[in-house]
Amino acid sequence: MNTFGLPPGFVFGTATAAAQIEGAVHEGGRGESIWDAYARTHTNILDASSAAIACDHYHRYAEDFDLLSMLGGQVYRMSIAWPRIQPLGRGPAKPEGIAFYHRLLDALLDRGIEPWVTIYHWDLPQALQDAGGWQNRDTVDAFADYTRILRDEFGDKVAAWMTVNEPVVHTGVGHAIGRAAPGLMLLGSAFVVAHHLLLAHGTAVRILRETLSTPVGIVNNHSPVEPATGSERDAGLAALYDHYHNGQFASPVLTGAYPPQLGEVAGISFEVIRDGDMEIISVPLDFYGVNYYFPTRVGAAPPFYPVPFAPKEYVGLPVTDFGWPVMPYGLLKILTELKTSYPQMPPVYITENGCAYDDGPQGGLQGPGGALQDTRRIEFLEQHLAAIGEAVAAGIDVRGYFHWTLLDNWEWQEGYTKKFGLVRLEPATLERIPRASFYRYAEIIRSARGPNPT
Ligand code: IFM
């Protein structure tokens, strides 16, 4: 066991998503994604920006992967942009898109870094959205074809596959309340989107397994929930929110059934489920990806709110620049709850965890050695690794950690205003400047892997 109580063989890395870093949205024949369309309405994005340039990773990936080599992690979680592979979401693969991801995967493998690939991280081709997007069951078939292309092209280079990223956020924020692409306000009826995303997940697992033995998993966002007060009403609302946020996607995948309590949320109807769907959705997985950022306190919603529950402020906890409460213990808590609810859960990887702090020239101090002194990110990282160590000590099989993220990037509806990077991205020049947390994470990885990692 190392300093944080993490077992031998535990892997470290960073996580990212294509739409947030690549830029070059008009190059290589890439089609439009729902995020390109959503960002065209400037008021949708906090700083009225778009992902057109992002980190320009499309052109600078070699420099970014050199940074990864310096960091020393074994694994790198990235996503493939569906609109680069199939610009309209259907039809033959675009050769430039395929060639780009071959270059990317080769560059990682040349550096001895394992590519962990997310198939869908929220960037649906706009043409599919125009045909109903995830409300339309046909999108599952389109996703199946897209998965076949990725499997056949990249199957021998990818070390692990993740089907969909955080479907609870994509469904809830993007389709229920309209605060992210595609900007729909379906409220409870967004459940149809949830179900189709899960069907796409299970279908993709089967397709990958037809020819590959590579590990496959899903990535869910989890947040431990507590009632805002000791009242019975808040306890009930917190339990309902827990089913919505934590159960809606874990339970069908790990047990083959939705939490029945979801039916209490107005607009949610199970009528969309067809015979055989739950078997597809609950296909056994090789690993389960947990994204953890913050805990949630739940109380009653204000009048005319679309759902009965609402998040309430935590008193006394520090918050990140996103306003997210920092509670490392929450990671141990949610892992424990997941293990208790789903004893059959496969090995877990923490597929995302990180914090937004603008500790740059304006927001912080330039320290010795040129590193930006982001002490709060270092504490966040160390405390969350320690929480994972405690989970391991409690018998939970956690096998790796992906920090979100290497570079400051385009944080969706927050634009460039939230800085999650171990490496600062200088906005005007796109220069990459490692923060102190980058060097601290490198040291942690080095000491965990030993002097001569293979
Ligand atoms: O940037 C996002 C990522 O795309 C999905 N998980 C949460 C991150 C931080 O908000």
Side-chain angles (χ1 to χ4, degrees), residues 13-23 33-36 38-39 44-47 49-51 54-55 57 64 76-82 116-124 162-175 177 179-182 197 201 217-223 245-246 249-250 288-296 311 319-327 330-331 334 349-358 374 376-377 380-381 384 401-425 437:
T14 60
T16 192
Q20 295 181 263
I21 60 168
E22 285 181 3
S33 86
I34 53 173
W35 277 97
D36 302 327
Y38 186 74
N44 281 342
I45 311 294
L46 192 58
D47 58 4
S49 66
S50 78
C55 307
H57 177 75
D64 296 339
Y76 175 64
R77 178 174 171 235
M78 55 175 268
S79 75
I80 289 184
W82 191 347
W116 284 47
V117 170
T118 311
I119 299 176
Y120 182 70
H121 197 123
W122 305 350
D123 46 1
L124 190 75
M162 288 144 289
T163 53
V164 296
N165 179 71
E166 294 185 352
V168 73
V169 177
H170 197 40
T171 303
V173 188
H175 295 79
I177 61 166
R179 300 252 178 84
L197 282 166
H201 152 76
I218 190 171
V219 171
N220 276 333
N221 181 295
H222 285 292
S223 177
H245 189 90
N246 293 309
F249 294 88
Y288 187 79
V290 172
N291 289 1
Y292 171 70
Y293 288 89
F294 57 87
T296 312
V319 292
T320 68
D321 289 353
F322 227 132
W324 293 350
V326 178
M327 192 204 265
L331 179 51
I334 192 67
Y349 287 84
I350 307 304
T351 34
E352 282 180 34
N353 169 248
C355 48
Y357 289 123
D358 188 7
D374 56 341
R376 292 177 296 176
R377 185 175 285 100
F380 186 100
L381 171 67
H384 284 79
Y401 175 82
F402 295 78
H403 189 78
W404 186 273
T405 181
L406 180 69
L407 298 171
D408 292 347
N409 59 35
W410 194 67
E411 176 56 32
W412 310 111
Q413 61 273 31
E414 302 290 317
Y416 296 99
T417 65
K418 302 295 178 293
K419 317 282 187 187
F420 276 91
L422 296 163
V423 175
R424 175 179 162 85
L425 185 79
S437 56

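These figures come from a predicted structure and were not determined experimentally. For ligands, and for the atoms within them, numbers begin at 1 and follow the listed sequence.
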Note to self: Asp64: which residues meet the salt bridge (Lys or Arg N to Asp or Glu O under 4.0 Å) condition with it, sequence neighbours left out?
What the structure shows: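 Arg432.
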
Can you list every protein residue that has a heavy atom under 4.0 Å from any atom of ligand 1, sorted by chain and residue number?
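Heavy-atom contacts below 4.0 Å: Gln20, His121, Trp122, Asn165, Glu166, Tyr293, Trp324, Glu352, Trp404, Glu411, Trp412, Phe420.
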
With no hydrogens and no angle check, just 3.5 Å: does a side-chain donor-acceptor pair link Glu352 and Tyr293?
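Note: Glu352 and Tyr293 side chains meet the donor-acceptor criterion.
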
With the side chain counted from C-beta on, respond yes when Trp410 and Ser49 share a heavy-atom pair under 4.5 Å apart, and no when they do not.
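With C-beta onward as the side chain, the pair touches.
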
Pair Lys419 + Glu411: basic N to acidic O under 4.0 Å: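 Salt bridge flag = no for Glu411 with Lys419.
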
Centroid-centroid distance, Trp116 to Phe402, less than 6.0 Å: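 Yes; Phe402 has its ring centre under 6.0 Å from that of Trp116.
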
Q | Parallel, tilted or perpendicular, as decided by the 30° and 60° cut-offs, for the rings of Trp404 and His121 | A |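 Parallel: the ring planes of His121 and Trp404 meet at under 30°.
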
